[in-house]
Amino acid sequence: MKKLYAIAITTAALALGSFQLQAAETIRFGTEATYPPFEFLDDNNEVTGFDIDLAKAICAEIKAECTFSTQPFDSLIPGLKYRRFDAVIAGMDITPARQKQVDFSMPYFENSASFVAAKNKSFKSANDLTGKAVGVQNGSTFQTYMIDKFEKQGVTVRPYETIQNAFLDMTNGRLDAVFSDTAVANDWLLEQGKGDYSRMGEVIRDADYFGVGYGIAVRQKNPLKSKIDDALTTLKNNGTWQKIHDKYFPEAR
Ligand code: GLN
């Protein structure tokens, strides 16, 4: 009798165990970890940043486990389509071109584009870049914009696997300017530009190229989209989004 009882308990425990395993959904996020303040590696080589904190808060809301894997930016959408991950969070603009391939969550961050150049170059606007070289992140909306709008004007558009390498090449004198997300440009100017560099001209907003803000990409028709949207709405309403924002953008407080 005792033995039977023990077996019953063990079976129940096993059943409960497997139920719990199934109940915890895992969301595998893909990202590109050299894009501060949205995603970057901390001192322990863990990926962190605004996007990562937001993704973790979404997972807590959905009661899912979050994992993150890092890939070059231009391989994130193909990786999503090939199911290497379930969602992409990478400061990614919601654009009409990408919406043909993937679905996006509601916008979670307002974006714009900016040029950065050395102050002593005295460029006034992008029109001064004829005959000059501009660095962009490979696969980014900035690359498409520069090619469409400025290449015919005699601007050389150089793609880089990471925007940090573009900034580095600019400081080494191999690039005249970098074209990137305003928030990322500001972060670089604050952390590394050290007073010798600044934003050039006005910030650019062009929905055809830069879309309507950053979104989290999922595969088309994946019901995960509405779960993420519901979580984002909750996080906006309960102040969590603002808390994460203030952590990574203290100057905007
Ligand atoms: N915001 C840009 C885009 O969506 C670049 C993003 C990035 O390099 N992580 O293309």
Side-chain angles (χ1 to χ4, degrees), residues 29-42 47-55 68-81 84-85 87-116 126 134-151 157-170 175 177-189 191-192 199 203-218 228 244-245 248-249:
F29 278 91
T31 190
E32 192 281 317
T34 63
Y35 215 60
F38 296 100
E39 36 270 327
F40 54 97
L41 297 179
D42 66 13
V47 64
T48 186
F50 176 91
D51 281 356
I52 308 306
D53 281 10
L54 188 66
F68 296 92
S69 60
T70 61
Q71 307 267 322
F73 184 74
D74 64 342
S75 73
L76 290 173
I77 287 185
L80 179 63
K81 287 165 80 175
R84 296 185 69 163
F85 19 81
V88 168
I89 189 158
M92 186 176 273
D93 306 342
I94 304 171
T95 65
R98 289 178 180 148
Q99 279 170 317
K100 288 188 187 139
Q101 303 195 63
V102 293
D103 286 349
F104 281 98
S105 69
M106 63 172 69
Y108 69 84
F109 193 89
E110 210 178 286
N111 62 338
S112 67
S114 288
F115 288 95
V116 172
V134 176
V136 291
Q137 161 93 63
N138 194 34
S140 69
T141 49
F142 309 109
Q143 183 181 26
T144 316
Y145 183 87
M146 284 306 293
I147 291 171
D148 284 5
K149 305 262 182 191
F150 287 98
E151 219 168 43
V157 183
R158 284 218 196 109
Y160 286 81
E161 182 154 308
T162 73
I163 200 66
Q164 302 306 320
N165 283 346
F167 283 127
L168 199 65
D169 253 13
M170 181 171 66
L175 280 180
V178 169
F179 187 50
S180 150
D181 271 295
T182 304
V184 172
N186 285 346
D187 190 86
W188 183 82
L189 287 169
E191 299 288 329
Q192 306 188 52
R199 293 216 325 260
V203 301
I204 300 170
R205 290 192 173 84
D206 184 333
D208 288 346
Y209 286 91
F210 308 120
V212 290
Y214 292 167
I216 299 170
V218 296
I228 291 176
I244 298 172
H245 181 270
Y248 292 99
F249 299 92

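Computed from a predicted structure; not experimentally measured. Atoms within each ligand, like the ligands themselves, are counted from 1 in listed order.
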Novice: Begin from the C-alpha positions of Phe142 and Tyr209 and carry the test ring-ring contact (aromatic ring centres under 6.0 Å, His included) through to its verdict.
Specialist: CA-CA 8 Å; Phe142 309 109; Tyr209 286 91; over 10 Å; no
Novice: Could you tell me, atom by atom, which parts of ligand 1 come under 4.0 Å of a heavy atom of Ser140?
Specialist: 5 (C), 10 (O)
Novice: Could you name the option among Ala90, Gly91, Gly211, Gly139 that has the heavy atom nearest to atom 9 (N) of ligand 1?
Specialist: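 Heavy atom nearest to atom 9 (N) of ligand 1 belongs to Ala90.
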Novice: What are the two closest heavy atoms between Val47 and Ile52, and how far apart are they?
Specialist: O-CG2, 3.6 Å
Novice: Look at ligand 1 and say whether Gln143 reaches it with a heavy atom at a distance under 4.0 Å.
Specialist: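 For ligand 1, residue contact (heavy atoms, under 4.0 Å) with Gln143 is absent.
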Novice: I'd like to know whether the aromatic ring centres of Phe249 and Phe109 sit less than 6.0 Å apart in this structure.
Specialist: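 That pair passes the under 6.0 Å test.
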Novice: How about Tyr214 and Asp181: does a side-chain donor come under 3.5 Å of a side-chain acceptor?
Specialist: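 Note: Tyr214 and Asp181 side chains meet the donor-acceptor criterion.
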Novice: Which class fits the ring pair Phe167 and Trp188: parallel under 30°, tilted 30 to 60°, perpendicular over 60°?
Specialist: parallel
Novice: Counting from 1, what ligand 1 atoms have a heavy atom of Phe142 closer than 4.0 Å?
Specialist: 1 (N), 2 (C), 5 (C)
Novice: Purely on distance, is any nitrogen or oxygen of Asp93 under 3.5 Å from one on ligand 1?
Specialist: yes
Novice: Taking distance alone, with N or O pairs closer than 3.5 Å, would you say Glu39 contacts ligand 1?
Specialist: no
Novice: Check ligand 1 against Met92 and write out every atom of the ligand that is under 4.0 Å from a heavy-atom position of the residue.
Specialist: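 Here the atoms of ligand 1 in question are 4 (O).
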Novice: Quick one: does ligand 1 sit under 4.0 Å from the side chain of Asp181, the backbone, both or neither, non-hydrogen atoms only?
Specialist: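 Asp181 to ligand 1: side-chain contact only, backbone stays beyond 4.0 Å.
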Novice: Between ligand 1 and Tyr214, is the shortest N or O to N or O distance under 3.5 Å?
Specialist: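 It does not: no N or O of Tyr214 is found under 3.5 Å from an N or O of ligand 1.
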Novice: Is the Tyr35-Phe73 ring centre distance short of 6.0 angstrom?
Specialist: no
Novice: Using 30° and 60° as the class boundaries, would you call the ring planes of Phe179 and Phe115 parallel, tilted or perpendicular?
Specialist: parallel
Novice: Return the residue, atom name and 0.1 Å-rounded distance of the protein heavy atom closest to atom 5 (C) of ligand 1.
Specialist: Tyr35 OH, 3.5 Å
Novice: Yes or no: does Ile163 have any heavy atom under 4.0 Å from an atom of ligand 1?
Specialist: no
Novice: Evaluate the ring planes of Phe68 and Phe29, with Trp represented by its six-membered ring, and classify them as parallel (under 30°), tilted (30 to 60°) or perpendicular (over 60°).
Specialist: parallel
